[in-house]
Amino acid sequence: MTQYLVIYELAEDGGWSAHTPDLPGCYAAADSRREVERLVREAIPYHVDGMRAAGQTIPEPRISVGYIAA
């Protein structure tokens with residue numbers, strides 16, 4: 001199973017969004033972090049299936065994350 005990095009962002013209005021940088025166009029939004037996690041977990045395989053159906057190449061994960069203290 002391929003794992004993709006997911007970026008979660010808290011909006012100023014308190015809502016949450018999520019996107020997968022390695023899968024352009026794969027996004028989710030919800031009122032809570034828990035809900036956006038559930039939605040993006042569903043969105044990723046749906047997005048990949050759509051790419052396959054369209055004859056597109058499924059990108060391999062290439063984005064990683066790290067933290068630096070400042």
Side-chain angles (χ1 to χ4, degrees):
M1 176 185 290
T2 304
Q3 293 186 338
Y4 290 97
L5 175 73
V6 176
I7 305 293
Y8 298 99
E9 296 182 57
L10 177 61
E12 288 184 21
D13 68 359
W16 284 86
S17 65
H19 71 279
T20 54
D22 288 315
L23 296 172
C26 187
Y27 298 93
D31 291 333
S32 70
R33 167 79 185 248
R34 183 180 211 152
E35 181 69 3
V36 83
E37 287 175 0
R38 184 185 68 76
L39 291 173
V40 78
R41 190 171 282 116
E42 293 173 2
I44 291 171
Y46 182 78
H47 189 81
V48 169
D49 287 346
M51 292 178 72
R52 282 193 185 109
Q56 298 174 345
T57 301
I58 309 305
E60 289 295 318
R62 57 183 180 79
I63 305 292
S64 63
V65 64
Y67 292 92
I68 298 174

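By convention here, the first residue in the shown sequence is residue 1. Any value given below was found using the heavy atoms of this structure, including those in side chains, with hydrogens, waters and symmetry copies removed.
Here salt bridge (Lys or Arg N to Asp or Glu O under 4.0 Å) pairs that include residues 3-16, with residues two or more places apart or in two chains, number zero. Applying the side chain to side chain donor-acceptor pair (under 3.5 Å) test to every pair with at least one member in residues 42-53, sequence neighbours left out, gives these pairs: Arg38-Glu42.
Contact check for Trp16 versus Glu35: no side-chain heavy atoms found under the 4.5 Å cut-off. With a 4.5 Å cut-off on side-chain heavy atoms, Pro61 and Leu5 do not count as touching.
Under a cut-off of 6.0 angstrom, the local environment of CD in Gln3 is sparse, with at most 12 non-hydrogen atoms contributed by other residues, nucleotides or ligands.
Hydrophobic clustering of Ile, Leu, Val, Met, Phe, Trp and Tyr side chains at less than 4.5 Å, counting indirect connections, keeps Tyr27 apart from Val36. Residues Ile7 and Leu39 do not share a hydrophobic cluster, clusters being chains of Ile/Leu/Val/Met/Phe/Trp/Tyr side chains in contact below 4.5 Å.
Here CD1 of Ile44 is found 8.5 Å from OH of Tyr4. Values are rounded to the nearest 0.5 Å.
For Asp22 (side chain) and Ile63 (main-chain N/O), a donor-acceptor pair under 3.5 Å exists by modelled atom type.
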Passes side-chain contact (heavy atoms from CB on, under 4.5 Å), Thr2 versus Ile58? Steps please. CA-CA 10 Å; Thr2 304; Ile58 309 305; over 6 Å; no
